[in-house]
Every structure is written in structure tokens, then in C-alpha cells.
Amino acid sequence: MRRAVAAMARAIYPARCMVCDTYTDAPGGLCPNCWHDTHFISGSTCTTCSAPLVGEVSGAQCDTCLSFPPPWQRGIAVLEYEGSGRRMVLALKRNDRLDLAPALAAWLHRATAPLLHGTDLVAPVPLHPSRFIRRKFNQSAELARPLAEKAGINYIPDLLSRTRKTESQQGKDRIERQENLKAAIAPTPRHRAGIEGKRVLLVDDVLTTGATLSACAEACFAAGARNVNVCVLARVEPRREIPIFASTN
Ligand SMILES: [Zn+2]
Ligand SMILES: [Zn+2]
């Protein structure tokens, strides 16, 4: 109820900063302090995980992705998962701040522009039904839907589904995460045939080790996808958690 009232107040009263709620010039914006604390990813980045690369290189992968290539082709992240970026991801996921989703999806849309013309289907990383019931929404779908609408691309919210309940990935290392996800994600049966030959863009809120997105990409390839790209709102900075991708099989 309190959240509903807060959401209504945000809709009626003048624009506020998406992070700290101080007044700003325009809706869906950030105050100067929070803007300063938002780390957009730019410059030379790894083509598969968006990690910053040293020097002016293009079309290159970071050492981690070279050693453990993720199953997808291109991966784009908008923000570093720190400062305001982290606060926005957590607000969306934990505090029902769905009002942030359109502005965040607009950032995703801009960052993924190079991938969109070659995309047939947009789909979110699925949440397990029990978690969905508890949370009442899938934050990745809240980003994927407006992204697909803006791009005019077919959006299939249940392209993939969780086939069994998995434990939280938090606190698990790479091997444990892969074990946890083994065969836990599959194409939803009625969409399986529709994946064949298609170019899929998967959307998630955060890229950590990439285990979940790897499982999703492999499920798409197993159903005959022509290619799979991924985009995320924020990526965990490698020094904080080393992203190591590997097959989940
Ligand atoms: Zn602010
Ligand atoms: Zn990389």
C-alpha cells in the first residue's frame, strides 16, 4: 500500500531523480549527484561481455571470454553495477520501482542499437514461477518488453522457462552456479518450433558470472536459433566477481 501511494505520488508530483528522489528537470532522469555516480560503459569493450578493454581495439574479447567463450555472439551492458547503477537495479528488483523500467529500457535500447536490426525475437531471462509469484513481476521482462516495443521487434515473454526450481545463485562460485542451472532452463514447448532459424536477443538485469545467460543461450541454440545476443542493464565489475563463462552442459 505504501509503495502504491509512493508510486502515485511520483506520477502526480514534479519529476524526481530516479535514484535519490530529489527534484529534477525531467521525468526518468537523474540529479547531478546521481548522474555523476552512474558509470556508463563506453570506449573499447569486450564484444561478448562488455568488459572495458585497454587501448583502442574493436571487435576484441577480454581475456576471460577468450579463455572461456560464452555461447552467445554479442553481449552489451549499459552500466557498471556500482553506484547509481547498482541502486537502480536493486530498486527495480527489490522495491517494485517498475516506474524506473521505461527509462532504463530506453538506455538499453540506445546501447543495443547495433544489434537490433539483426534481431527477430526479444526475450527475458525467465524467473522461476514461485519467485514470480512472490515478486509478482520479472524485472528482466520489465526491461525487455519496452525495449522490444521501442525497436518494433517480436517480444516473447515466455520464450524460455525454468524447468525446475533452482537455488539462488548468490554466494555460489562458477562451478556451483553451472551445477545449479543444469537443464533448469528450456524453451517453453509451444515456442520451441518458433526459435528455429531465428536471431534472438536475451535481456537480463545484471550480468554476474554469465551462468544464467549461458543456460538461456544454450537452450535457444538447442532449439535451432541462428544466433543469440545478450544485453543487460548492468555488469558486475570483474574485480568484484570474476565473470567466467563456460558451457552449462
Ligand atoms: Zn539523485
Ligand atoms: Zn569478455
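All ligand and atom numbering here is 1-based and tracks the order in the structure.
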request  = Count the heavy atoms of every other residue, nucleotide or ligand shown that sit under 6.0 Å from NZ of Lys93, and state whether that count exceeds 12.
outcome  = yes
key: Heavy atoms of other groups near Asn154 CG, more than 12 under 6.0 Å   = yes
note = The angle formed at the Zn ion (ligand 1) by SG of Cys20 and SG of Cys31 is about (to 10 degrees) 110°
task = Calculate the angle formed at the Zn ion (ligand 2) by SG in Cys62 and SG in Cys65; 10° precision is enough.
result = 110°
key: Parallel, tilted or perpendicular: rings of Trp107 and Trp35 (30°, 60°)   = perpendicular
Ion pair check, Asp120 and Arg226, cut-off under 4.0 Å = no
request  = Using the Zn ion (ligand 1) as the apex, give the angle to atoms SG (Cys17) and SG (Cys34), rounded to 10 degrees.
outcome  = 110°
